[in-house]
Amino acid sequence: MKNWIEINEKEENEIWDKIYNDLKFKPSVHPNEWPSLQISAPYIKYDVSDIYKDNKYEELYKDLEEKMENIFVECTKENEYVLALDWQHRCYYFNPRIESIRDEFGEWPVPIFPNGDYYFFIQKEFKWGFLGHPWEKSISIFGEELIQSIEQKKPKLLKKIVDKNF
């Protein structure tokens, strides 16, 4: 069983249509046009710009990836895949219970940290999601189950709350 399965183009288009419609996704590099997403409660949004300070990128990235992988396992069933979406690039179904393949930079096919593009990890029925905004340098979490799991096993990077609605 693979842990990263490419989503076919038709399904991918349907998923992005849902994101544009349901989350009111408006990608933009311009701060006056943010927020780029409108998420229903419960949600919490973190400023993750500290990853670039004090030469902590590798440490904070690794901690975020490891903890989120465990949190995704906790929030999914045995053979459940989540959507792993990379805006304007290939998207995947991702099973966090299977050891992950890595690219030449040691990252997952869709990285956990938004270091140049929007990266989203969303439960297939949109019950919860982990949404990375590269230019705002933020990560938004929605869904009670995911929020509670993150609060119990919080990655070091997720400490500066900029918005929340419970």
Side-chain angles (χ1 to χ4, degrees), residues 2-6 16 19 23 25-39 42-76 81-123 128-166:
K2 291 181 171 183
N3 69 328
W4 293 90
I5 300 170
E6 268 192 43
W16 282 110
I19 290 169
L23 302 179
F25 182 47
K26 293 183 202 161
S28 178
V29 297
H30 304 291
N32 62 328
E33 296 176 0
W34 298 338
S36 295
L37 297 156
Q38 292 179 19
I39 307 166
Y43 71 83
I44 189 164
K45 181 178 183 178
Y46 296 94
D47 172 340
V48 292
S49 60
D50 282 353
I51 199 166
Y52 298 109
K53 295 179 183 170
D54 303 324
N55 295 318
K56 299 259 185 189
Y57 185 90
E58 286 185 39
E59 173 193 335
L60 292 173
Y61 187 101
K62 184 177 181 183
D63 177 72
L64 178 68
E65 185 179 84
E66 287 175 359
K67 287 184 178 166
M68 288 311 304
E69 185 172 31
N70 290 328
I71 289 165
F72 291 153
V73 166
E74 191 173 281
C75 293
T76 57
Y81 283 77
V82 298
L83 304 171
L85 310 172
D86 182 349
W87 187 62
Q88 302 293 321
H89 299 281
R90 292 294 340 147
C91 297
Y92 300 85
Y93 293 113
F94 168 59
N95 185 330
R97 296 173 188 279
I98 302 170
E99 187 174 344
S100 198
I101 60 170
R102 304 211 177 253
D103 66 12
E104 66 272 19
F105 305 108
E107 294 182 323
W108 296 344
V110 175
I112 194 71
F113 183 77
N115 62 356
D117 219 334
Y118 293 93
Y119 301 137
F120 301 159
F121 291 82
I122 303 174
Q123 193 273 344
W128 53 258
F130 178 97
L131 313 170
H133 189 306
W135 299 288
E136 192 177 55
K137 295 180 179 68
S138 70
I139 291 175
S140 298
I141 313 295
F142 72 89
E144 188 174 335
E145 180 180 12
L146 187 61
I147 291 169
Q148 286 178 357
S149 219
I150 287 172
E151 287 302 310
Q152 292 172 4
K153 297 173 178 63
K154 188 173 276 189
K156 295 174 188 175
L157 186 60
L158 303 183
K159 60 184 177 183
K160 282 188 187 175
I161 297 172
V162 292
D163 191 17
K164 68 180 179 178
N165 186 346
F166 288 57

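These numbers were taken from a predicted model, which means no experiment stands behind them.
Ring pair W108/F94: centre-to-centre distance below 6.0 Å. Ring centroid separation for the pair F121 and W128 does not come in under the 6.0 Å cut-off.
The side-chain tip of K164 points at the ring of F166 from less than 6.0 angstrom away and within 45° of straight on.
Here the closest heavy-atom approach between residue P155 and residue I71 is recorded as CD-CD1, 4.5 Å. Across every non-hydrogen atom of M68 and L146, the tightest pair is CE-CD1, 4.3 Å. Closest approach of Q123 and V82 over heavy atoms only: CA-CG1, 4.4 Å. Across all their heavy atoms, P27 and Y118 have their closest contact at CA-OH, 3.3 Å. Residues N95 and R97 come closest through the heavy atom pair OD1-N, 2.8 Å. Nearest heavy atom pair, residue G132 against residue P134, reads O-CD, 3.8 Å.
Panel note: side chain N3, backbone E99; a donor-acceptor pair is recorded below 3.5 Å. A donor-acceptor pair under 3.5 Å links the side-chain atoms of W34 to the main chain of S28, judged by distance alone.
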field: Check against side chain to side chain contact (heavy atoms under 4.5 Å, CB included), L85 and I122
entry: CA-CA 8 Å; L85 310 172; I122 303 174; 4.1 Å; yes
task: Please lay out, stage by stage, how W16 and W87 fare under the test side chain to side chain contact (heavy atoms under 4.5 Å, CB included).
output: CA-CA 9 Å; W16 282 110; W87 187 62; 3.8 Å; yes
message: Between I98 and W4, does the side chain to side chain contact (heavy atoms under 4.5 Å, CB included) criterion hold? Intermediate values first, please.
response: CA-CA 9 Å; I98 302 170; W4 293 90; over 6 Å; no
- request: Decide yes or no on side chain to side chain contact (heavy atoms under 4.5 Å, CB included) for I150 and I44, but give the supporting numbers first.
  value: CA-CA 11 Å; I150 287 172; I44 189 164; over 6 Å; no
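Once rounded to the nearest 0.5 Å, the distance linking CD of E66 with OH of Y61 reads 11.5 Å. Here CG of D117 is found 5.0 Å from CG of D86. Values are rounded to the nearest 0.5 Å. Between atom CZ of residue F120 and atom CD1 of residue I19 there is a gap of 6.0 Å, rounded to the nearest 0.5 Å. Atom CG of L131 sits about 5.0 Å away from atom CD1 of I39, to the nearest 0.5 Å. To the nearest 0.5 Å, atom OG of residue S138 and atom CD1 of residue I161 are 13.5 Å apart. To the nearest 0.5 angstrom, K45 atom NZ is 9.5 Å from D47 atom CG.
The closest side-chain heavy-atom distance from F113 to E107 is not below 4.5 Å. Considering only heavy atoms from C-beta on, W135 stays 4.5 Å or farther from S36 through its side chain. For the pair V48/L64, no side-chain contact is recorded, criterion being any heavy-atom separation below 4.5 Å from C-beta on. L37 has its side chain out of reach of Y43: every pair of non-hydrogen atoms, C-beta onward, lies at least 4.5 Å apart. Residues N115 and Y57 meet the side-chain proximity criterion, which asks for heavy atoms closer than 4.5 Å. Contact of the K156 side chain with the E59 side chain is registered, since non-hydrogen atoms from C-beta on lie closer than 4.5 Å. For the pair I139 and I141, the minimum side-chain heavy-atom distance is below 4.5 Å. When side chains are defined from C-beta on, K160 does not count as touching Y46, because their heavy atoms never get closer than 4.5 Å.
Enclosure of atom CG in D103 by more than 12 non-hydrogen atoms of other residues, nucleotides or ligands within 6.0 angstrom is indicated. Residue E144 qualifies as open at atom CD: its count of foreign heavy atoms under 6.0 Å is 12 or below. Atom NZ of K56 has 12 or fewer heavy atoms from other residues, nucleotides or ligands within 6.0 Å. Under a cut-off of 6.0 angstrom, the local environment of NZ in K153 is crowded, with over 12 non-hydrogen atoms contributed by other residues, nucleotides or ligands.
Salt bridge status for K154 with E151: present, with a side-chain N to carboxylate O gap under 4.0 Å.
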